[in-house]
S.K.: 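Below you'll find the structure I mean.
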Amino acid sequence: MIGMLVGQVASIDARSALIVVSGVGYETYMPSQDLSSLHEGQEARVYTSLQVSQDALTLYGFTTQAAKRMFLQVQKVSGIGPKVALSMLSTLNVDRLLQAISEGDVTSLSSAPGLGKKGAQKIILELKGSLDSSILADSSNDSTQSNKQIVDSSVQCVIEGLVSLGWRQVDAQRAVEQVCADNNISTPISDADLPNVLRMALASLDRGR
């Protein structure tokens, strides 16, 4: 069973991404919100679920473990297949889906194409109060990881600038971290502070030659 892909995004269309792992391209159907967070050439980690039918093997993917667990959870409701589950996650994010189910919000659930009011009522009836608690934990962890990535991306922007000027990445990273600590600059680094951090880190590296 293919549970996760770590590779390069080769292409993206309205419904899927082609992810290349060790020379093999995997066509992976994903929620629209997840697809919008990817770009061609990016190294991506995608949590996957392989769905087997009589005439096809279809790979579905998600950028968070919480989304994958929700995808699998809603399919425990009779009549809800992978296409409808994917539609739900394209319409509402995991936190909003959990909220809609726990609050019995038929209107929000039935806004997903292919579901309908009766399907939404059935999901609420069968899952309300019995959703896997691990989804909540994963959703919280995914949020924390997302915040960490925001921090890392701002610091990485400065590091890449220094590397482009000929400095080693390890030295550039150490300089940026030291400058932020010495000048009480919090991360993620604001757009206004980025040029100053780059200038001070460069000066620090020059002094250490």
Side-chain angles (χ1 to χ4, degrees), residues 1-7 9-19 25-40 42 44-147 149:
M1 187 66 69
I2 302 172
M4 183 176 69
L5 299 175
V6 179
V9 179
S11 63
I12 303 170
D13 60 29
R15 298 189 303 158
S16 65
L18 183 65
I19 301 174
Y26 295 85
E27 184 176 21
T28 311
Y29 291 87
M30 302 178 67
S32 56
Q33 296 176 38
D34 287 3
L35 288 171
S36 66
S37 71
L38 302 177
H39 59 266
E40 291 184 11
Q42 171 187 354
R45 180 190 302 271
V46 177
Y47 302 95
T48 58
S49 172
L50 181 64
Q51 301 283 311
V52 181
S53 63
Q54 289 183 339
D55 56 357
L57 298 175
T58 307
L59 193 63
Y60 293 90
F62 312 89
T63 57
T64 66
Q65 294 189 63
K68 176 182 174 179
R69 287 185 180 275
M70 178 60 82
F71 174 77
L72 297 173
Q73 189 82 9
V74 297
Q75 289 183 72
K76 293 180 180 179
V77 177
S78 59
I80 303 299
K83 290 183 179 179
V84 172
L86 190 69
S87 175
M88 292 172 64
L89 285 162
S90 290
T91 305
L92 303 171
N93 63 30
V94 174
D95 289 340
R96 186 68 191 91
L97 268 176
L98 287 168
Q99 182 182 7
I101 293 171
S102 64
E103 295 179 355
D105 187 350
V106 173
T107 301
S108 293
L109 285 178
S110 60
S111 65
L115 182 57
K117 186 176 180 179
K118 289 185 177 180
Q121 291 173 331
K122 193 170 187 179
I123 288 173
I124 292 169
L125 179 64
E126 295 191 24
L127 294 184
K128 185 177 181 180
S130 63
L131 281 172
D132 189 344
S133 60
S134 63
I135 295 176
L136 295 171
D138 283 342
S139 181
S140 176
N141 290 337
D142 290 333
S143 178
T144 300
Q145 181 64 23
S146 176
N147 290 335
Q149 289 172 350

S.K.: Suppose we screen for side-chain contact (heavy atoms from CB on, under 4.5 Å). Which residues come up paired with T91, at least two apart in sequence or across chains?
M.R.: S87, S111, A112, P113
S.K.: Let me confirm one number: the CG-OG1 distance from D34 to T63, rounded to the nearest 0.5 Å.
M.R.: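 Reported value, rounded in 0.5 Å steps: 3.5 Å.
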S.K.: Nearest 0.5 Å, what's the OG-CZ distance between S90 and R15?
M.R.: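 Reported value, rounded in 0.5 Å steps: 11.0 Å.
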S.K.: Which heavy-atom pair separates S78 from K122 by the least distance, and what is that distance?
M.R.: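 Closest heavy-atom pair between S78 and K122: OG-NZ, 2.8 Å.
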S.K.: What's the shortest heavy-atom distance between G61 and P31, and which atoms?
M.R.: O-CD, 3.3 Å
S.K.: For a quick test of reading the model, state the closest non-hydrogen atom pair linking L89 to A67 and the distance between them.
M.R.: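 Smallest interatomic distance, heavy atoms only, reads CD1-O, 3.5 Å.
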S.K.: For residues R69 and V94, determine if any side-chain heavy atom of one lies less than 4.5 Å from a side-chain heavy atom of the other.
M.R.: no
S.K.: Of all residues at least two apart in sequence or in a different chain, which pass the side-chain contact (heavy atoms from CB on, under 4.5 Å) check with E40?
M.R.: S11
S.K.: I'd like to know whether Q99 forms a side-chain contact (heavy atoms from CB on, under 4.5 Å) with L92, so could you lay out the CA-CA distance, the side-chain angles of the two residues, the decisive distance to 0.1 Å, and finally the verdict.
M.R.: CA-CA 10 Å; Q99 182 182 7; L92 303 171; over 6 Å; no
S.K.: Minimum heavy-atom separation for Q51 and Q75, please, with both atom names.
M.R.: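 So the two residues come closest at OE1-OE1, 3.2 Å.
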S.K.: What's the spacing between K76 NZ and L127 CG if we round to 0.5 Å?
M.R.: 8.5 Å
S.K.: The criterion is side-chain contact (heavy atoms from CB on, under 4.5 Å); which residues satisfy it with T107, sequence neighbours excluded?
M.R.: D105
S.K.: Supply the atom-to-atom distance I19 CD1 to Q42 CD, rounded to the nearest 0.5 angstrom.
M.R.: 9.0 Å
S.K.: Of the options L86, T48, V46, T28, which is the one that meets F62 in a side chain to side chain contact (heavy atoms under 4.5 Å, CB included)?
M.R.: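 When side chain to side chain contact (heavy atoms under 4.5 Å, CB included) is applied between F62 and each of L86, T48, V46, T28, only L86 qualifies.
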S.K.: Between L115 and I123, is the side-chain contact (heavy atoms from CB on, under 4.5 Å) condition met? List the steps.
M.R.: CA-CA 10 Å; L115 182 57; I123 288 173; 3.9 Å; yes
S.K.: List the residues meeting side chain to side chain donor-acceptor pair (under 3.5 Å) with S16, not counting sequence neighbours, and say none if there are none.
M.R.: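 Scan of S16 (side chain to side chain donor-acceptor pair (under 3.5 Å), adjacent residues dropped) gives D13.
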S.K.: Please report the shortest heavy-atom distance between V106 and K117, naming the atom on each side.
M.R.: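 Minimum heavy-atom contact is CG1-CG, 3.7 Å.
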S.K.: Work out which heavy atom in A85 is nearest to a heavy atom in V74; give both atom names and the distance.
M.R.: CB-CG2, 3.5 Å
S.K.: Any heavy-atom pair between the side chains of M88 and L109 that's under 4.5 Å?
M.R.: yes
S.K.: Does K83 have any side-chain contact (heavy atoms from CB on, under 4.5 Å) partners at least two apart in sequence or in another chain, and if so, which?
M.R.: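 Expected list: Y60.
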S.K.: Using the test side chain to side chain donor-acceptor pair (under 3.5 Å), find all partners of S36 that sit at least two apart in sequence or belong to another chain.
M.R.: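 With sequence neighbours excluded, S36 shows a side chain to side chain donor-acceptor pair (under 3.5 Å) to no residue whatsoever.
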S.K.: Working to the nearest 0.5 angstrom, can you tell me the gap between L98 CG and E103 CD?
M.R.: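 CD of E103 is found 11.0 Å from CG of L98.
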S.K.: Does any non-hydrogen side-chain atom of S49 lie less than 4.5 Å from one of L72?
M.R.: yes
